[in-house]
Amino acid sequence: MPFSKREIIKRNVSARGPEELGNLRVSAPKDFAAGLPAIGKTLEHSFREMGLFRPFQALAKMNQQEGFDCPSCAWPDPDSPSKLGEFCENGAKALADEATLTQADAALFSRYSVEELSHLTDYEINKLGRLVEPMVLHSDSLHYEPISWEDALSLISDHLVALTDPNQAVFYTSGRSSNEAAFLYGTFARALGTNNLPDCSNMCHESSGVALSETLGIGKGSVTLDDLYGADLVIVAGQNPGTNHPRMLSALEKCKENGGKIISINPLEEAGLIRFKNPQRPNGLIGGGTPLTDLHLPVKINQDIPLVKLLLKGLLERERGGAGVLDREFITNKTLGFQELEADLDSYDSEDLLSRTGLSSKEIEAAIQMLAESENIIICWAMGLTQHKNGVETIREYVNLLLAKGSIGKPNAGTCPVRGHSNVQGDRSVGIQHFVDAALNERIEKHLGFVSPDKKGWDVVESIEAMHAGKVKIFMALGGNFLKAASDTDFTAAALEECELTVQVSTKLNRSHLVTGKTALILPTLGRSEKEGKGEGHYLTTENSMGRVSRTRGVLKPAAGNLKSEPELIAELGARHFGAQHSVPWLQCAQDYGLIRKYIDLVAKGFSNTSERSKGKGYDLPNNARAGDFSKLPGGRAKFTVNTLPDHGLAPDEFLLMTIRSHDQFNTTIYGLDDRYRGIYNERRVLLMNPEDMQELGIAEQEVVHLSSTYGDEVRRAPNFRVISYAIPRGDVAAYFPETNPLIPIHQFADRSQTPISKSVRIRVEKTS
Ligand SMILES: Nc1nc2c(c(=O)[nH]1)N[C@H]1C(S)=C(S)[C@@H](COP(=O)(O)OP(=O)(O)OC[C@H]3O[C@@H](n4cnc5c(=O)[nH]c(N)nc54)[C@H](O)[C@@H]3O)O[C@H]1N2
Ligand SMILES: Nc1nc2c(c(=O)[nH]1)N[C@H]1C(S)=C(S)[C@@H](COP(=O)(O)OP(=O)(O)OC[C@H]3O[C@@H](n4cnc5c(=O)[nH]c(N)nc54)[C@H](O)[C@@H]3O)O[C@H]1N2
Ligand code: SF4
Ligand SMILES: [Mo]
């Protein structure tokens, strides 16, 4: 393969894309989620992308036991899915986006250079459609050209052979892969000799994993759907389920009907948490729907720790007064560190804590009262807690609350970190992790017949830094949009451009295909909704947010005949690179997914007899926290922790920015330009700001401003945002990701989990006139 002989040309691709403004329209934010408008949007997206018949064929099978798992979020399916349809507006949008009939084919790439394509917006790039044939971008070219599968796999293998150290390769995973594909991919990297397996989890729930493993002995949540239905109190903190996990609202509705209460903790009063109009019910379609939140606490950004300390202090005070509001028996028998917690709580002044939260004492009292009255409490959370410098500590503080109430290891109580990508949890369970697990390595050696590396690999941030420093020759991605998902867009772009070869296994075109290494490959693959091939064993498995493993089997005709499934593609790469004599029977794995599952059963913790047990509603992986078994933790008990207060060091003219999702996007995939629930239409470059802050700065409604962030002596800028007055705490602002990622320095991440601080970025707002 003459890859090294080609001349290298400089490509002037745009890592950010256009930053001009469109025609914003604003209305009042909604006070309910779903209802009739959601059905309208579902149909609109489905028909526009998929034609007349495919939507019916596919939606009828989505989240059904003999169908396929929704490719969007990781929210679980009920044990008996409704035959009327078990999906939401955003699941349908994800399906329409994947099953679109539009194709980004070879003709498109010959017409447009990567430079030209990079001047489209992310929304426009995604609309170009499904990737349908393997393409190569040679180092001396501005255009992708078709390449055969055989040559593409050889090209990768040749580059791998040329490495002087296996750690010069990095293998990223996004969370949409199946367990089977992820398992083979992790195996491939380790057989090569590296643990460089960064994944989207590093940018997502890594803080939850770190905090929960340390305090409860398992990095996953402990509750099931049934627990949610039966809880006395559900706290939803730092999460916007109406948009990001819409069917969670049905579970919350059931909880309310059973007498449960809901507290939402969020700087914004998100529509979905106010009221839910369940489209499967008559009162959801024409009536007022179900009110969900009983108490909304509009906490200031990243002030959850002082808030939870206030709640704990309040409970402790009542307990000391003899009210019996804590679970003394649980604390004594099942936990360690309560005295240290008490001492910590006593050391704070309540007034000081309160002023940090931005809440009133009345609001805090109301929350304490609800906590005091509840025995079975569940705390749900997502990115509003994880993506801060002290994300790990924030989650540990919420765990303190559950432990003090004995709300763990029993029905209807526990932890519920709501996972993002549909199989991000499964990918981790089958071995997508950059850190070393000695027990996993032992099983790999025993059952896969090779020695797995014992040196820790790089996570997302470390990989970008290593690429930037020229230490990485090959970057391969199993799904995702690394460039736009990661922080510090310009730095990440420069990092990717340092690589010799970048390889993207993808369904849809995105900017990570345009900002590349010297040589780049696009390997198109089947999506979740598509048929994997014939034969009984040709189904895949996933694990949902609550640890249940079940089957997924696509129903649609693939977008093109030339696509490979992810497991097939990785297995063939394994066969090409390691040869037929390797201890892993790569080629057989390409043909027999049952064989991959047999290896998963042997190697991945907790999996057993998966081919059989994944049938129907599937099976639950072992969960010590659910069982109330903390014996594997030091001292054999769950752990209370002492956490410090966040300090942002905000200058007087700085704001704290949270970068959030609109209703019309799935991470970096932009489905549309509206954020219906927040009343924002046709524009994504907006900044939500408190009206009093606007007044103080003399900023008018919809005025255009530039944003900048200053860390050390580096200033990062993002131009052109229209300011919208919004009910958000003073000093806090919100804008969408990924447009704001250029503002987040690569070196600003959560302690211990290294998750970029996407929800608390110090910024300045600069007037343009
Ligand atoms: N339709 C759709 N579904 C998705 C996704 C998508 O992009 N689109 N993405 C998927 C993925 S990968 C993930 S990880 C999840 C993300 O799901 P979410 O975490 O719900 O997504 P975000 O938009 O990041 O919302 C974070 C929420 O936290 C709040 N928040 C921010 N900072 C703080 C804080 O300091 N304290 C508190 N208490 N709240 C705070 C914000 O106001 C916002 O409501 O969704 C998954 N599902
Ligand atoms: N500022 C800021 N940055 C963030 C966040 C934030 O809240 N704020 N959130 C972070 C979070 S929580 C996450 S999870 C990351 C997301 O990071 P990623 O997972 O890397 O990004 P996605 O946008 O989900 O990836 C979309 C691409 O995946 C590909 N794809 C879709 N389906 C499939 C499939 O079935 N197979 C394959 N092979 N490819 C597929 C398509 O080509 C699509 O363009 O972003 C993170 N970045
Ligand atoms: S809640 Fe999540 S998994 Fe369920 S249908 Fe909606 S997007 Fe899909
Ligand atoms: Mo995520």
Side-chain angles (χ1 to χ4, degrees), residues 73-79 175 200-201 204-231 233-241 244-245 247-249 251-252 255 260 262 265 304 308 376-387 391-392 394-403 405-429 433 542-550 605-606 618-630 632-633 638-639 753 755:
C73 81
W75 189 252
D77 303 328
D79 285 354
C200 68
S201 232
C204 187
H205 264 295
E206 195 74 51
S207 304
S208 309
V210 172
L212 294 175
S213 302
E214 182 191 353
T215 52
L216 302 174
I218 183 167
K220 306 177 182 184
S222 73
V223 302
T224 64
L225 264 185
D226 285 342
D227 292 328
L228 264 176
Y229 302 155
L233 177 65
V234 177
I235 296 179
V236 183
Q239 194 203 346
N240 177 19
N244 298 313
H245 307 92
R247 281 189 315 151
M248 178 173 163
L249 301 186
L252 294 177
C255 172
I262 296 170
I265 302 180
D304 294 76
V308 180
N376 298 319
I377 301 166
I378 290 177
I379 302 182
C380 303
W381 72 89
M383 298 305 98
L385 301 195
T386 64
Q387 297 175 330
V392 173
T394 302
I395 294 157
R396 294 198 319 186
E397 197 68 39
Y398 274 103
V399 170
N400 283 341
L401 192 56
L402 288 175
L403 291 176
K405 290 290 297 178
S407 266
I408 190 94
K410 65 177 181 183
N412 309 328
T415 53
C416 185
V418 186
R419 305 300 302 248
H421 267 296
S422 59
N423 197 41
V424 60
Q425 190 157 312
D427 291 352
R428 207 22 99 74
S429 297
Q433 62 191 40
T542 56
E543 175 188 342
N544 67 33
S545 193
M546 293 178 177
R548 179 165 290 183
V549 178
S550 60
K605 196 172 156 198
Y619 75 101
D620 293 332
L621 291 173
N623 189 309
N624 69 283
R626 188 176 296 166
D629 169 13
F630 306 111
K632 297 266 159 51
L633 280 162
K639 187 173 144 191
S753 68
T755 296

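What's counted below: heavy atoms across the whole structure, side chains too, no hydrogens, waters or symmetry copies.
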Trainee: Looking only at heavy atoms, which two atoms of G175 and C200 are closest? And how far apart?
Mentor: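 Result for this residue pair: N-SG, 3.4 Å.
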Trainee: Measure the shortest side-chain to side-chain distance between P241 and L249 over non-hydrogen atoms and say whether it is less than 4.5 angstrom.
Mentor: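 They are in contact (side-chain heavy atoms under 4.5 Å apart), so the answer is yes.
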Trainee: Check whether any side-chain N or O of D629 sits under 3.5 Å from a backbone N or O of N624 as a donor-acceptor pair, and report yes or no.
Mentor: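 No, because the side chain of D629 does not come within donor-acceptor range (under 3.5 Å) of the backbone of N624.
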Trainee: Does W381 have any side-chain hydrogen bond (donor to acceptor under 3.5 Å, both in side chains) partners at least two apart in sequence or in another chain, and if so, which?
Mentor: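 W381 satisfies side-chain hydrogen bond (donor to acceptor under 3.5 Å, both in side chains) with S208 only.
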Trainee: Is there a side-chain contact between L212 and P417, using heavy atoms and a 4.5 Å cut-off?
Mentor: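 When only atoms from C-beta onward are counted, P417 and L212 do touch, with a gap below 4.5 Å.
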Trainee: So does V418 get a backbone contact from the side chain of H205, meaning a donor-acceptor N/O pair under 3.5 Å?
Mentor: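 A pair under 3.5 Å: yes.
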Trainee: Distance from C73 atom SG to N423 atom CG, nearest 0.5 Å?
Mentor: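 Interatomic distance, C73 SG to N423 CG, rounded to 0.5 Å: 12.5 Å.
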Trainee: Do you know the tightest heavy-atom contact between S207 and T755?
Mentor: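 For S207 and T755, the tightest heavy-atom pair comes out as OG-OG1, 3.8 Å.
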Trainee: Rounded to the nearest 0.5 Å, what separation is found between the CZ atom of R626 and the OG1 atom of T224?
Mentor: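 So the CZ of R626 and the OG1 of T224 are separated by 6.0 Å.
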Trainee: Taking C-beta and beyond as the side chain, do C380 and M248 meet within less than 4.5 Å on heavy atoms?
Mentor: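 Yes; the side chains approach each other to less than 4.5 Å.
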Trainee: Could you tell me which non-hydrogen atom of A231 sits nearest to which non-hydrogen atom of I378, and how far apart they are?
Mentor: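 A231 and I378 have their closest heavy atoms at CB-CD1, 3.8 Å.
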Trainee: Donor-acceptor pair, N544 side chain versus G547 backbone, under 3.5 Å?
Mentor: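 Present.
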Trainee: Going through the distances and angles, do S201 and V424 end up as a side chain to side chain contact (heavy atoms under 4.5 Å, CB included)?
Mentor: CA-CA 7 Å; S201 232; V424 60; 3.8 Å; yes
Trainee: Does this structure show an ion pair linking D427 with R419, if we count only N-O contacts that are shorter than 4.0 Å?
Mentor: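 No salt bridge links D427 with R419.
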Trainee: Should M546 and D227 be marked as a side chain to side chain contact (heavy atoms under 4.5 Å, CB included) after you check the CA-CA gap, both sets of side-chain angles, and the distance that decides it?
Mentor: CA-CA 11 Å; M546 293 178 177; D227 292 328; over 6 Å; no
Trainee: Grab the two heavy atoms, one from N376 and one from K410, that are nearest each other, plus how far apart they are.
Mentor: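 Between these two residues, the closest heavy atoms are OD1-CE, 2.9 Å.
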Trainee: For the atom pair OH (Y229) and CG (L252), what is the distance rounded to the nearest 0.5 Å?
Mentor: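 Between Y229 OH and L252 CG, I get 10.0 Å after rounding to 0.5 Å.
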Trainee: Checking side chain to side chain contact (heavy atoms under 4.5 Å, CB included) for the pair S222/I408: CA distance, chi angles, key distance, verdict?
Mentor: CA-CA 8 Å; S222 73; I408 190 94; 3.7 Å; yes
Trainee: How far apart are the C-alpha atoms of K639 and V399, what are their side-chain angles, what is the distance that settles it, and do they pass the side chain to side chain contact (heavy atoms under 4.5 Å, CB included) test?
Mentor: CA-CA 9 Å; K639 187 173 144 191; V399 170; over 6 Å; no
Trainee: Quick one: list whatever passes side-chain hydrogen bond (donor to acceptor under 3.5 Å, both in side chains) with T386, sequence neighbours left out.
Mentor: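 By the side-chain hydrogen bond (donor to acceptor under 3.5 Å, both in side chains) rule, T386 matches no residue at all.
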Trainee: Mind checking the OG-CG spacing from S407 to L233? Nearest 0.5 Å is all I need.
Mentor: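 Reported to 0.5 Å precision, the distance equals 8.5 Å.
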Trainee: A side-chain contact here means heavy atoms from C-beta on lying under 4.5 Å apart; do L385 and Q239 qualify?
Mentor: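 With C-beta onward as the side chain, the pair stays apart.
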Trainee: Please find the pair of heavy atoms, one from E214 and one from L633, that lie closest to each other, and give the distance.
Mentor: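 Reported closest heavy-atom pair: O-CD2, 3.4 Å.
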Trainee: For E543, give me all partners under side-chain hydrogen bond (donor to acceptor under 3.5 Å, both in side chains), at least two apart in sequence or on another chain.
Mentor: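 So E543 forms a side-chain hydrogen bond (donor to acceptor under 3.5 Å, both in side chains) with K220, Q425, S429.
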Trainee: Donor-acceptor check, side chain of N244 to backbone of G420, threshold 3.5 angstrom: yes or no?
Mentor: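 No, the answer is negative, given that no donor and acceptor are paired below the 3.5 Å cut-off.
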Trainee: How long is the gap from OG1 on T415 to CG on L216, to the nearest 0.5 Å?
Mentor: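 The OG1 atom of T415 sits 6.0 Å away from the CG atom of L216.
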Trainee: If you look at every heavy atom in A638 and F630, which pair is closest and at what distance?
Mentor: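 Closest heavy-atom pair between A638 and F630: N-CB, 3.5 Å.
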Trainee: Just how far is it from atom SG of C416 to atom CD1 of I235, taken to the nearest 0.5 Å?
Mentor: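 C416 SG to I235 CD1: 12.5 Å, rounded to 0.5 Å.
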